[in-house]
Amino acid sequence: MQVPLYQAKAEFFRMLGHPVRIRVLELLQGGPVAVRDLLSEIEIEPSSLSQQLAVLRRSGIVVSIREGSTVSYALAGGDVAELLRAARRILTELLAGQNELLAELRQSDPSASSVPSVPSARPLPVPQGGSRLP
């Protein structure tokens, strides 16, 4: 029996649902990156990075490249980079909308001026040790 398209999409987005995987994909947008460079950028345990790379590789979203003793990873296609750019645009619009709403609330209620601003879009922190977020 064939999986419905909506279920396949849900599985795809679930696969992307880990901050380390998203960070890896962001780093690979510029081209292949050696595992040692990914480790220095992401700052997690090698075994945790290896586990996340394996998930991405099994899904077919990245490919591994071996040159001598160096293993690098690359995006399997340009559509992934476009998806990440689209996600950034969506998040930027959502956060801009939240800031606009917050400004309206502050104007209508002077006591609301102590409410902090919504932060601008920035990369999510990566958990140490590659632990799953709740």
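Predicted model only: the values in this text are computed from it and were never measured.
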**Q** Name all residues meeting the salt bridge (charged side-chain N to carboxylate O under 4.0 Å, His left out) criterion together with Arg66; count only those two or more places apart in sequence or in a different chain, and write none if there are none.
**A** none
**Q** Using every non-hydrogen atom in the two residues, find where Ala34 and Thr70 come nearest and quote the distance to one decimal.
**A** CB-CG2, 4.0 Å
**Q** Roughly how far, to the nearest 0.5 Å, is the CD atom of Gln52 from the OG atom of Ser47?
**A**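 The CD atom of Gln52 is 10.0 Å from OG of Ser47, to the nearest 0.5 Å.
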**Q** Applying the 4.5 Å side-chain criterion to the ILVMFWY set and letting contacts propagate, would Ile22 and Phe13 be lumped into a single cluster?
**A** yes
**Q** Pick out which of Leu84, Val80, Val63, Val62 makes a side-chain contact (heavy atoms from CB on, under 4.5 Å) with Leu28.
**A** Val62
**Q** Counting only N and O atoms by type, is there a donor-acceptor contact under 3.5 Å from the side chain of Ser50 to the main-chain atoms of Pro46?
**A** no
**Q** Taking the side chain as every heavy atom from C-beta outward, state whether Tyr73 and Val35 have any pair of such atoms under 4.5 Å apart.
**A** yes
**Q** Given side-chain contact (heavy atoms from CB on, under 4.5 Å), test Leu83 with Leu25 step by step and report yes or no.
**A** CA-CA 10 Å; Leu83 176 65; Leu25 295 174; over 6 Å; no
**Q** Looking only at heavy atoms, what is the nearest atom pair of Ala81 and Gln29, with distance?
**A** O-OE1, 3.6 Å
**Q** Which residue pairs pass the salt bridge (Lys or Arg N to Asp or Glu O under 4.0 Å) test when at least one of the two sits in residues 27-42, sequence neighbours left out?
**A** Arg23-Glu41
**Q** Please examine the side chains of Arg21 and Leu16, heavy atoms only from C-beta on, and report whether any two atoms are closer than 4.5 Å.
**A** no
**Q** So which pairs with a foot in residues 92-105 pass salt bridge (Lys or Arg N to Asp or Glu O under 4.0 Å), sequence neighbours left out?
**A**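 Found none.
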**Q** May I have all residue pairs that pass salt bridge (Lys or Arg N to Asp or Glu O under 4.0 Å) and include part of residues 68-82, sequence neighbours excluded?
**A** Glu82-Arg85, Glu82-Arg89
**Q** Suppose the criterion is salt bridge (Lys or Arg N to Asp or Glu O under 4.0 Å): which pairs have a residue in residues 6-16, not counting sequence neighbours?
**A**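 As it turns out, the salt bridge (Lys or Arg N to Asp or Glu O under 4.0 Å) pairs with a partner in residues 6-16, which skip direct neighbours, are Glu11-Arg14.
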**Q** Considering residues at least two apart in sequence or located in another chain, which fulfil the side chain to side chain contact (heavy atoms under 4.5 Å, CB included) criterion with Glu67?
**A**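 Scan of Glu67 (side chain to side chain contact (heavy atoms under 4.5 Å, CB included), adjacent residues dropped) gives Ile65.
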**Q** As an exercise, state the distance from OG of Ser48 to CG of Leu39, rounded to the nearest 0.5 Å.
**A** 9.5 Å
